[in-house]
Amino acid sequence: MIFSQAKTSDHCQWIALVDVNNFYASCERVFRPDLENVPIVVLSNNDGCVIARSEEAKRLGYKMGDLFHVIKPKLRQTGTKVFSSNYALYGDMSDRVNEIYSRFTSGIEVYSIDESFLRFSGGGVVHNLATLTELGQSIRQTVGQYTGLPVCVGISTTKTLAKVANRIAKKNSHYDGVFVFEPDNKAQLQQISIDDVWGISRRLTPKLQALGIYSALDLASADPKRIRSGFNVVLERMVHELNGISCLAVEEVVPPRKSIIVSRGFGRYLSEFSLIQQAVAAHATRAGEKLRKQQLAANKLSISLRTSPHGKDQVYYKKSFGITFAEATSETALLIKAAEHCLRKVYRKGLLYQKVGVFLGGLVDAQGVQQSIFTQKDVTKSKALMRVLDDLNRSHGRDTVRFAASGIDEDWKMRQKMISPRYTTRWSDLPVVR
DNA sequence: TCTGGGGTCCTAGGACCC
DNA sequence: TCTGGGGTCCTAGGACCC
């Protein structure tokens with residue numbers, strides 16, 4: 001493609017979407033240089049199915065969601081390296097990557113574990129195609145140098161177009177990982193299939209196609225008002241965004257969480273109440289830790305319990321039950337107690353359960369908790385206890401000190417047979433050099 | 001034996017009020 | 001036989017994201 005001249009623009013803001021290619025697989029490879037060019041797949045919790053693949057693994061035909069037990073022989077045959085997912089490692093690598101982005105701009109929204117939006121306002125600097133491409137390459141190069149992770153950069157004037165640009169950068173190797181999408185680039189928009197547009201799901205696709213909307217350009221050309229009345233306000237925004245009119249801001253200030261979920265499948269199906277109770281206590285404990293880490297307190301707690309939706313021997317059972325606290329809390333003991341109460345409401349004897357989750361809602365700032373007239377006790381003591389507990393677990397490792405309710409046998413725990421070491425967060429996991 | 005986990009936003013509909 | 005209308009708040013569930 002030929003750009004006749006570097007075109008200056010009067011847009012005052014540019015947005016970059018930077019994401020790490022094959023993030024989980026790439027994280028595993030960083031610490032295992034011997035796996036260069038070796039196909040890698042990373043499995044979901046419980047080693048159930050494939051959730052990440054290296055380029056080599058994609059070329060071998062492995063798909064997201066492939067069942068591990070089905071593809072196991074082929075994995076061995078093709079010499080594909082398999083990992084259980086290691087979120088301690090991925091989360092830490094994610095933090096490092098974002099730290100590097102912050103050298104380029106302070107306007108960062110961490111959108112997901114492997115994607116961030118970066119905002120570049122003019123600030124006197126007039127960006128053009130050439131300088132923006134250079135900026136993208138510089139980000140790519142710096143991240144690669146300091147973390148060993150490969151990233152792609154898409155740059156445009158709205159988040160949705162930055163997503164489009166990122167996709168183009170990723171799909172076309174000749175752009176060398178960076179693509180700047182100028183808002184009036186109709187030819188490129190035409191190339192993007194409607195189901196590849198951010199926010200357009202599989203369900204929505206056929207409905208749009210029925211209206212003759214097959215490409216991103218078709219959607220961009222649609223009447224926003226008609227889209228709103230025929231669909232919803234979210235899709236209307238997409239139309240504007242595709243036309244370079246920004247409706248979605250880069251959220252640089254992390255908004256406080258509105259809910260916290262801790263939910264996991266069991267390592268095997270369980271029917272015994274006591275084991276499920278232990279899992280619930282452990283999940284409630286984890287939820288409490290998350291809550292306190294963000295200085296929040298929960299007004300509501302609910303749990304959901306279900307059997308396997310794929311089971312052939314019994315009907316699918318799924319039930320949730322929740323309570324509202326008299327006063328917002330972040331105390332593990334109270335969370336466990338409430339969670340167990342809820343569990344009793346949904347547990348039926350004789351079923352084989354697959355998964356249980358604890359959900360905290362109605363989150364508020366822990367400082368400003370509304371005191372209830374019904375609870376008159378000294379909360380200073382229990383707060384101090386929680387702080388000591390959190391400090392110990394932070395410095396000596398998770399679960400150094402914990403509540404007896406979560407059990408010690410952990411019969412309910414998920415399978416992670418092929419997990420890699422927590423290279424970056426645990427000294428004890430580093431290989432010993434002799 | 002075996003199918004992830006954690007989030008947000010929007011909408012519809014019910015309860016309730018004046 | 002007639003059976004308002006409009007507003008708010010809350011909840012459940014759907015849809016979507018990575």
Side-chain angles (χ1 to χ4, degrees), chain A residues 17-24 41-52 63-73 75 82-87 90-91 94 109-117 159-160 163 166-167 195-208 228-229 231-238 247-248 251 254-270 283 286-287 290-291 294 299-300 302 304 306-313 316 318-322 324 352 354-363 414-417 419:
Chain A
L17 175 67
V18 191
D19 80 336
V20 183
N21 306 343
N22 315 321
F23 183 52
Y24 298 170
V41 301
V42 180
L43 302 177
S44 66
N45 276 333
N46 262 324
D47 295 341
C49 64
V50 172
I51 56 167
K63 299 271 180 290
M64 298 290 273
D66 278 354
L67 297 182
F68 178 48
H69 71 101
V70 171
I71 61 173
K72 213 168 181 173
L75 288 166
V82 183
F83 289 96
S84 302
S85 34
N86 183 346
Y87 289 100
Y90 311 149
S94 178
E109 174 187 341
V110 179
Y111 177 65
S112 74
I113 196 163
D114 70 326
E115 285 180 47
S116 293
F117 287 104
K159 281 179 154 183
T160 306
K163 277 283 223 183
N166 181 280
R167 190 186 164 79
D195 53 330
D196 287 333
V197 176
W198 187 37
I200 308 298
S201 66
R202 212 178 295 126
R203 244 172 261 249
L204 212 45
T205 303
K207 289 185 194 167
L208 288 169
R228 180 169 192 157
S229 61
F231 296 89
N232 54 42
V233 61
V234 180
L235 204 57
E236 183 195 17
R237 274 182 215 139
M238 301 268 77
C247 299
L248 305 170
E251 310 274 354
V254 182
R257 283 263 162 279
K258 295 180 174 171
S259 63
I260 286 172
I261 298 172
V262 179
S263 159
R264 254 164 215 72
F266 305 124
R268 61 179 173 92
Y269 293 165
L270 297 179
H283 294 356
R286 200 68 71 226
K290 289 191 186 183
L291 206 51
Q294 296 171 61
N299 274 297
K300 296 173 181 191
S302 62
S304 70
R306 66 169 215 205
T307 62
S308 168
H310 314 286
K312 291 164 191 75
D313 306 329
Y316 180 41
K318 180 181 177 189
K319 203 160 175 63
S320 58
F321 183 84
T324 301
L352 278 172
Q354 187 248 342
K355 184 181 196 172
V356 72
V358 173
F359 175 90
L360 301 179
L363 303 189
M414 63 184 182
R415 292 183 300 271
Q416 287 182 299
K417 286 189 181 154
I419 195 157

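Each chain gets a letter, A, B and so on, in the order the sequences are listed, and its residues count up from 1.
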- Set of side-chain hydrogen bond (donor to acceptor under 3.5 Å, both in side chains) partners for A/S94, sequence neighbours left out: none
- Message: Using a 4.0 Å heavy-atom cut-off, does A/R268 contact any base of the nucleic acid, only the sugar-phosphate backbone, or nothing at all?
- Response: nothing
- Query: Considering residues at least two apart in sequence or located in another chain, which fulfil the ring-ring contact (aromatic ring centres under 6.0 Å, His included) criterion with A/F117?
  - Reply: A/Y111, A/W198
- Strand DNA chain B in bracket notation, Watson-Crick/G-U under 3.5 Å with | for pairs to another chain: ....||||||||||||||
- Below 4.0 Å: OP1/OP2 of B/dG5 and any side-chain N or O of A/K355: yes
- Query: Can you list the residues that meet the side-chain hydrogen bond (donor to acceptor under 3.5 Å, both in side chains) rule with A/D195, with sequence neighbours excluded?
  - Reply: A/S193
- Message: Does A/G357 reach a base, just sugar-phosphate, or nothing at all? Heavy atoms under 4.0 Å.
- Response: nothing
- Query: For A/K159, what residues pass the side-chain hydrogen bond (donor to acceptor under 3.5 Å, both in side chains) criterion, not counting sequence neighbours?
  - Reply: A/E109
- Message: What contact category does A/I260 fall into here, base, sugar-phosphate, or nothing, at under 4.0 angstrom with non-hydrogen atoms?
- Response: sugar-phosphate
- Query: With sequence neighbours excluded, what pairs up with A/Y87 under the ring-ring contact (aromatic ring centres under 6.0 Å, His included) test?
  - Reply: A/Y24, A/Y90
- Message: My understanding is that only residues two or more places apart in sequence, or in another chain, count here; which of them pass side-chain hydrogen bond (donor to acceptor under 3.5 Å, both in side chains) with A/R228?
- Response: A/E236
- Listed by chain and number, what are the side-chain contact (heavy atoms from CB on, under 4.5 Å) partners of A/K319, not counting sequence neighbours? A/Y317, A/V346, A/R348
- Item | Touch class at under 4.0 angstrom, heavy-atom based, for A/V262 against every strand present | sugar-phosphate
- Query: Can A/H69 be said to stack with the base of B/dT1, given centres closer than 5.5 angstrom and planes under 30 degrees apart?
  - Reply: no
- Query: In B/S/- notation, 5' to 3', how is nucleotides 6-18 of chain C contacted by protein heavy atoms closer than 4.0 Å?
  - Reply: -----S---SSSS
- Query: How would you label the contact of A/K72 with the nucleic acid (heavy atoms, under 4.0 Å): base, sugar-phosphate, or nothing?
  - Reply: nothing
- Item | Shortest non-hydrogen separation from A/K417 to A/D47 and the atoms involved | N-OD2, 2.9 Å
